[in-house]
Amino acid sequence: MSIVEFPPGVMIGDAPHTHEGQEVHVVIRGRIYAEQGEDGAEFAEGNSFSWNACTPHLVKNIGEETAIVLISIYTENENDQELI
């Protein structure tokens, strides 16, 4: 999990990207546009969404203030151990 700050107009990467795992996003502040494959939507404070990160995706700040987004990425790893 990480908290990511997006200044106005900033996008993660130069183009849609992919990687292993599942992602969950919670918009803490601001407005963002998220796109996965051919689907896209705007999200504001308090909104959340999730997706399979293997599909090309991007997130961009479309607001006039810095957007803050909590992002959690889950990937299966053979070296992970259960917590007891």
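Closest heavy-atom contact between F6 and N61: O-ND2, 2.6 Å. Of all non-hydrogen atoms in V24 and S50, the two that sit nearest each other are CG2-CB, 3.9 Å. When all heavy atoms of C54 and T18 are compared, the closest pair comes out as O-CG2, 3.4 Å. The minimum heavy-atom distance linking G63 with P8 is given by the pair O-CB, 3.6 Å.
Taken from CD in E23 to OG in S72, the straight-line distance is 9.0 Å, to the nearest 0.5 Å. How far CD1 of I73 is from CE of M1: 11.0 Å, rounded to the nearest 0.5 Å. Atom CD of E45 and atom CD1 of I68 lie 9.5 Å apart (nearest 0.5 Å).
Every pair tested for salt bridge (charged side-chain N to carboxylate O under 4.0 Å, His left out) that includes a residue from residues 46-68 fails, sequence neighbours excluded, so the list is empty.
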| field | V26 and S48: CA distance, side-chain angles, deciding distance, side-chain contact (heavy atoms from CB on, under 4.5 Å) verdict | value | CA-CA 4 Å; V26 179; S48 63; 4.0 Å; yes
Return a table of donor-acceptor pairs under 3.5 angstrom between the side chains of residues 28-42 and protein atoms on other chains or two or more places apart.
residue: R29; atom: NE; partner: T66; partner atom: O; Å: 3.2
residue: Y33; atom: OH; partner: E35; partner atom: OE1; Å: 2.9
residue: Q36; atom: NE2; partner: N52; partner atom: O; Å: 2.8

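Both I71 and W51 belong to a common hydrophobic cluster when Ile, Leu, Val, Met, Phe, Trp and Tyr are linked at side-chain heavy-atom distances under 4.5 angstrom.
Considering only residues two or more places apart in sequence or on other chains, F43 meets the ring-ring contact (aromatic ring centres under 6.0 Å, His included) condition with F49.
In this pair, H57 and H19 present their aromatic rings perpendicular. The plane angle is above 60°, beyond the 30 to 60° band.
A distance-only check finds no donor-acceptor pair linking the side chain of N47 to the backbone of V27 [under 3.5 Å].
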